[in-house]
Protein chains: 2
Amino acid sequence: MTDFKEAIESAERKCSQRGIKLTRRRREVLTTLLEANRALSAYELVNLCNESSNEPMPAMSVYRILEFLRAEQFVHKLETANKYIACKHIACEHEHKQPQFLICNDCHKVQELDTAVEALSSVETAASMLNFKLLNPQLEVSGSCGLCKT
Amino acid sequence: MTDFKEAIESAERKCSQRGIKLTRRRREVLTTLLEANRALSAYELVNLCNESSNEPMPAMSVYRILEFLRAEQFVHKLETANKYIACKHIACEHEHKQPQFLICNDCHKVQELDTAVEALSSVETAASMLNFKLLNPQLEVSGSCGLCKT
DNA sequence: TCCTTTGATGATACAGTATATCACAAATAA
DNA sequence: TTATTTGTGATATACTGTATCATCAAAGGA
C-alpha cells in the first residue's frame, strides 16, 4: 500500500520534469494498475476504476490514458495477451529499453525480467544480417511459473 | 505457383502419417495462406477464400481451421499482429520449435528466422533462475526491413 | 481581464478479433 | 446396424480497439 504510492510520486515527478501532466484520471488508471499488481485488460481496468470511484470511467478514456502511460514508459502492453501492466521500474531513474516478460499460462502472472539483455542482442545481430533494424523490441514468452505446476 | 503445391502435398503426407485429415476446407485455408505469401488476418482469409471459391467460407470455420493448422505446425499466429502466416518449414522434415519473426512496421512483411536460436536459450536461462519453464516460446520483434526505409 | 489556443475528457458509434453454442452431416468404431 | 466422434454450418455474442465530434478547463498572449 505504500509501495505504489512511491511509484505514483515518482511518475508525478517525471511528468513535471517532462512538462506534461499526470491528471486525476491518469493517476486513477495508473494507481489501479499498480494496486492490482498484475496485468489487466482495458475493460478490467474500466471496471476496477468504476468500483473504486464514483465518476464513471469511459472505456475510451482508458485506452487514451493507456497510450499516454505507455508513451511515458509507466505502463507496458503485453501484446500477446492484450493486457497492460505497470512498469516494474517506474520509480527507477535509469532508462530501461527492451522490456522482457515471462507470462504464466496457468495463473497468468507476469514477471518482468531485467536479465536477458543478450537475448535481444542476438536477435538484433541475426536481424541486421537481413538488413532489418529492430524498433523498440520487446520480448514476451509464456510458460509456467514454478508456483502453479499444480 | 508450384512452390506451395509441394507444401500442400507435404502437409497432406504429414496429416495421413498422423492419422488426421487435411480436409477440403482446411486445404482451402492453407492454400490461400500459402498463395498470399504474407501474414493475413482471419477475416482477410475469409474474404480471400470467398473470392477464390463458390462455397462461402464462414468466419467460424476459418478460426477453427486455423487452430487445427497451428496445432499441426503448418501455420503460426503472430500474436502481436493478430495475423496468421504459413510456416516456412511445412515441407521440411525436421521439427522446428521456437519460431522467430521479424515484422516490418511499414510494409508489414514478415520474415521467419531460423538463426537466432541462442536468443531464446538465454531467455530460457534467465527464466529458469526464476523457476519459470518456457513453453513453446515464440519470438516476435518489429522494426523496419531494409526494403522500405522510404 | 478577456480571448485564444491547446490538451484532456466525455459521449457515441462502429470496426475488427474471437469464442460459445447448437444443429447437422459424414466418417469411424462398436 | 447403431453409436460415437469429427468436421462443418449457422447464429449469437463477447472482447478489443479506433474514429469522430463535442465539451471543458488550463495556459499563455493581447
Side-chain angles (χ1 to χ4, degrees), chain A residues 11-12 15-33 39-50 53-72 74-85 103 105 108 140 142, chain B residues 11-12 15-16 18-33 38-50 53-72 74-85 103 105 108 140 142:
Chain A
E12 205 91 64
C15 280
S16 68
Q17 278 166 20
R18 296 173 195 171
I20 54 180
K21 269 167 260 163
L22 194 64
T23 62
R24 181 177 58 89
R25 289 310 219 175
R26 288 169 178 169
R27 202 168 40 240
E28 193 178 346
V29 170
L30 183 53
T31 303
T32 304
L33 260 182
L40 298 174
S41 77
Y43 281 85
E44 283 176 320
L45 260 171
V46 171
N47 294 335
L48 286 176
C49 285
N50 283 333
S53 125
N54 287 334
E55 297 101 321
M57 173 68 78
M60 252 322 304
S61 292
V62 165
Y63 278 105
R64 272 188 301 225
I65 288 168
L66 285 171
E67 276 322 293
F68 171 87
L69 296 173
R70 288 177 70 192
E72 301 308 319
F74 299 146
V75 161
H76 300 294
K77 177 176 185 182
L78 302 177
E79 301 278 0
T80 56
N82 295 319
K83 293 196 174 171
Y84 304 85
I85 190 167
I103 304 171
N105 286 326
H108 304 110
E140 302 176 25
S142 58
Chain B
E12 205 92 63
C15 279
S16 68
R18 296 172 195 172
I20 53 181
K21 269 167 261 164
L22 194 65
T23 63
R24 182 176 58 87
R25 287 311 219 175
R26 288 168 178 172
R27 202 167 41 241
E28 193 179 346
V29 170
L30 183 53
T31 304
T32 304
L33 214 37
R38 61 189 178 91
L40 297 174
S41 77
Y43 282 85
E44 284 175 321
L45 260 169
V46 171
N47 294 335
L48 286 175
C49 285
N50 284 332
S53 127
N54 287 334
E55 296 100 319
M57 172 67 78
M60 254 319 306
S61 293
V62 165
Y63 277 105
R64 272 188 301 225
I65 288 167
L66 285 171
E67 276 322 291
F68 171 87
L69 296 173
R70 288 177 70 192
E72 301 308 320
F74 299 146
V75 161
H76 300 293
K77 176 176 186 183
L78 302 178
E79 302 277 1
T80 56
N82 295 317
K83 293 195 173 171
Y84 304 85
I85 191 166
I103 305 171
N105 285 326
H108 303 110
E140 303 175 26
S142 57

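Heavy-atom basis, side chains included; hydrogens, waters and symmetry copies ignored. Numbers restart at 1 for each chain; the letters A, B, ... are given by sequence-line order, proteins then strands.
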Looking at D:dT8, I'd like to know if its phosphate oxygens (OP1 or OP2) sit under 4.0 Å from a side-chain N or O belonging to B:Arg26.
yes
Looking at A:Ser61, does any N or O in its side chain come under 4.0 Å of the phosphate oxygens OP1/OP2 on C:dT9?
no
Interatomic distance, [X] [atom1] vs [N] [atom2] [rounded to whole Å]:
X	N	atom1	atom2	answer
B:Glu28	D:dT8	CD	P	10 Å
B:Phe68	D:dT8	CZ	P	9 Å
B:Asn50	D:dG9	CG	P	11 Å
B:Ile65	D:dG7	CD1	C1'	9 Å
A:Glu55	C:dA8	CD	P	19 Å
A:Arg27	C:dT9	CZ	P	11 Å
A:Arg24	D:dA26	CZ	C1'	15 Å

Of all heavy-atom pairs between B:Lys83 and B:Ser41, which one has the smallest distance, and what is that distance?
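So the two residues come closest at CG-N, 3.9 Å.
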List, with names and distances, any nitrogen or oxygen atoms from the protein found under 3.5 Å away from nitrogen or oxygen atoms belonging to nucleotides 24-28 of chain C.
{"unit_1": "C:dA27", "atom_1": "O3'", "unit_2": "B:Lys21", "atom_2": "NZ", "d": "3.2"}
{"unit_1": "C:dT28", "atom_1": "OP1", "unit_2": "B:Lys21", "atom_2": "NZ", "d": "3.2"}

Test side chain to side chain contact (heavy atoms under 4.5 Å, CB included) on A:Val29 and A:Thr23; report intermediate values, then the result.
CA-CA 10 Å; A:Val29 170; A:Thr23 62; over 6 Å; no
Side chains of [X] and [Y] in contact at under 4.5 Å (non-hydrogen atoms):
X	Y	answer
B:Pro58	B:Arg64	no
A:Leu66	A:Lys77	no
B:Phe74	B:Leu33	no
B:Glu28	B:Ser53	yes
B:Arg38	B:His108	no

Tell me whether B:Arg26 is salt-bridged to B:Glu72, with the criterion being a basic N under 4.0 Å from an acidic carboxylate O.
no
Summarise how protein sits on nucleotides 15-21 of chain D as a single string, 5' to 3': B when a protein heavy atom is under 4.0 Å from the base, S for sugar-phosphate-only contact, - for no contact.
-BBBB--
Test salt bridge (charged side-chain N to carboxylate O under 4.0 Å, His left out) applied to A:Glu12 and A:Arg27, step by step
CA-CA 9 Å; A:Glu12 205 91 64; A:Arg27 202 168 40 240; 3.5 Å; yes
Of all the choices, C:dA8, D:dT8, C:dG10, which nucleotide is nearest to the side chain of A:Thr23 once you look at every atom?
C:dA8
